[in-house]
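Following: one structure in structure tokens, then a few remarks.
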Amino acid sequence: MRLIAVLDQVEMRVERLRKDTVRIEEEKDSLLSTLDSIKHSELLLDISECDKDDITRYADRILSRAMTVEVTVRTDRDHQQEEALYQVNMYIDQLVMSVHNDAVSAHSRCQTYMNACTSQPDPNAGTDKNFETAILGCTLDDQKRVKKRLQGLLDYIAKLNVTTCS
């Protein structure tokens, strides 16, 4: 039974590795979001063209370096789960593309998506039923990842709204 104990230890280490890797994925996403915020910041309007170019080049260089890092945790999914995740990603991609056009409505829509992911929804925002149907078809790991992604997007949009209103 010593082999079972060794396998138990290895399994715990694999789960810790998966968890650490997910944390690193999230850190990369956060860094990319910060770089995007800097590149689209209204603070750039208040500085000289020369300084703006320097900042943009510096941010682009960091972005290029960050994009060389590839970290993934693969989740096993059946065909229906793959399709559900594809739909969820389509909804989120459309949301991301709308952020710079209308950050206020993007924030509202993001909140309705977030409400679909939580057992304690924000009573001031509705729930997007189509998104809810799609997210419920995903694996639990995917649901957790999408919820974290949406929270990061909500935070990012809130920063944009603060910057825009200042």
Does atom NZ (K144) have a neighbourhood of more than 12 heavy atoms from anything else shown, all under 6.0 Å? no

With respect to E26, which candidate in K148, K147, R149 satisfies the salt bridge (charged side-chain N to carboxylate O under 4.0 Å, His left out) definition? K148

Are side-chain heavy atoms of Q94 and M97 found at a separation under 4.5 Å? no

Minimum heavy-atom distance between Q143 and I135, given as atom pair plus value: NE2-O, 3.2 Å

Between R145 and D142, is a salt bridge (charged side-chain N to carboxylate O under 4.0 Å, His left out) present by the stated rule, with each step listed? CA-CA 5 Å; R145 218 173 276 133; D142 288 336; 3.4 Å; yes

Salt bridge present between E25 and K28 (N-O < 4.0 angstrom): no

Kindly work out whether a path of hydrophobic side-chain contacts (I/L/V/M/F/W/Y, heavy atoms less than 4.5 Å apart) joins V146 to Y91. yes

What pair of heavy atoms forms the shortest contact from A84 to A134, and how long is it? CB-O, 3.3 Å

Please report the shortest heavy-atom distance between C110 and I157, naming the atom on each side. CB-CD1, 4.4 Å

If you round to the nearest 0.5 Å, how far is CD of E82 from SG of C138? 9.5 Å

Under 3.5 Å, is there a donor-acceptor pair between the side chain of T118 and the main chain of Q120? yes

Would you mind checking if D54 and R57 are paired as a salt bridge, meaning a charged N to carboxylate O distance below 4.0 Å? yes

K39 bridged to D36 by N-O distance under 4.0 Å: no

Please check if the number of heavy atoms outside L45 that lie under 6.0 Å from its CG is greater than 12. yes

